[in-house]
Structures are given as structure tokens and as C-alpha cells.
Amino acid sequence: SDLRQMLATKSVDNIQFLPFLTTNANNLSWLGYGCLKPDWTLITVNTIGAALQTLYILAYLYYSPAKCPALLQTLLLLAVLAAGCGYFTLPTTDEQMRLASLGLFCSIFTICMYLSPLADLAKIVRSKSTRCLSFPLTVTTFLASTSWTLYGLQLNDLYIMV
């Protein structure tokens with residue numbers, strides 16, 4: 001719905017950028033976890049998710065009148081991901097330790113993704129309006145997190161459950 005609103009209004013008014021960015025970072029980190037594990041469900045879902053989130057980010061940047069802050073946030077997050085990727089691709093003798101470290105890294109990104117909408121919580125409380133809050137995004141995030149928790153339980157994978 002946010003992408004549809006951007007395309008219809010040719011504006012990013014009342015659309016948050018940070019959730020797109022953190023969700024994309026989350027997808028990319030879980031994609032790496034899925035490749036290391038290997039888990040084709042994680043690989044497939046997060047490849048599609050990363051592609052869609054990249055589309056949303058590009059649309060946001062295209063319609064945003066102030067591109068510099070969004071570009072800087074994107075570059076900062078890409079630098080963090082590149083550093084993490086570099087760290088987790090270093091040769092190590094203990095594959096389980098590498099998988100556990102990457103799982104922890106992915107869990108931290110997931111927690112950040114779920115915390116990112118809270119950045120506007122003060123604005124919502126002050127204005128007593130939820131106009132800047134995407135209800136469809138909130139509902140689908142809840143459903144997705146529930147699905148991943150159940151999948152993690154099925155695999156007995158603590159990192160996916162988080």
C-alpha cells in the first residue's frame with residue numbers, strides 16, 4: 001500500500017523510510033544465514049524480500065524531495081552489512097561458531113527492524129494521529145514474525161524463532 005501511495009501521489013509524504021531500509025538489511029542478512037545453513041526456504045523468501053524492499057527504496061528515493069538523508073542512511077546501512085559480510089566470510093575452522101555468530105547478527109537486525117517503527121511513536125503520541133503509521137505494514141509484519149517464529153520452532157532454530 002505504501003508503494004501504491006507513492007506511485008499515485010508521486011510523493012513520500014507520511015511514508016516512513018526507515019522500515020524499508022531495515023527490512024532490506026534484515027532480508028540480506030537472513031539470506032546470508034540461509035546460504036551458510038543451507039536452507040532453501042530462507043534463501044528463497046529473503047531473495048524475494050530483498051528484491052521487493054530494494055524496489056521500495058528506489059521508489060522512495062525517486063519521489064523524495066530530500067534525497068541526501070535517505071541516501072546517507074542507505075549507505076550507512078550498506079556499510080554495516082558489508083562489514084558484517086566481510087566478518088562472516090573470513091575463513092574459520094568452526095562452521096557452527098560461524099553460523100551461530102551470523103544467527104546472532106541476523107537476530108539483532110530483526111530486532112532493529114521491529115524497533116524501527118517505534119522511531120515515530122513519539123510523533124504519533126504527540127499528534128494523536130496514526131497517519132504516518134502504515135496499518136497494512138503493521139499487520140503483515142505481525143503475520144510474518146508469527147510465521148517465522150513457527151518455522152524456527154519447527155526447525156528448532158533459536159535464531160529464526162527470534
Quick one: do [X] and [Y] end up in the same hydrophobic cluster if we chain Ile, Leu, Val, Met, Phe, Trp and Tyr together by side-chain heavy atoms under 4.5 Å apart?
X      : Y     : value
Leu28  : Leu76 : no
Leu55  : Ile57 : yes
Leu104 : Tyr33 : yes
Ile108 : Leu36 : yes

Problem set entry | Worked check of side-chain contact (heavy atoms from CB on, under 4.5 Å) between Trp148 and Val162 | CA-CA 8 Å; Trp148 284 114; Val162 167; over 6 Å; no

Seminar exercise, completed: Asp39 meets the salt bridge (charged side-chain N to carboxylate O under 4.0 Å, His left out) criterion, sequence neighbours left out, with none

Problem set entry | Spacing of Ile111 atom CD1 and Cys106 atom SG [to the nearest 0.5 Å] | 11.5 Å

Taking all atoms of both residues into account, what is the closest heavy-atom pair of [X] and [Y], and its distance?
X      : Y      : value
Gln53  : Asn27  : CG-OD1, 3.6 Å
Ser29  : Asn26  : OG-O, 3.0 Å
Tyr151 : Ile160 : CD2-CG2, 4.0 Å
Trp30  : Ser107 : CZ2-N, 4.1 Å
Met161 : Leu153 : SD-CD2, 3.1 Å

Problem set entry | Min side-chain heavy-atom separation Leu42-Leu31 under 4.5 Å | no

Problem set entry | Set of residues satisfying ring-ring contact (aromatic ring centres under 6.0 Å, His included) with respect to Tyr159, sequence neighbours excluded | none

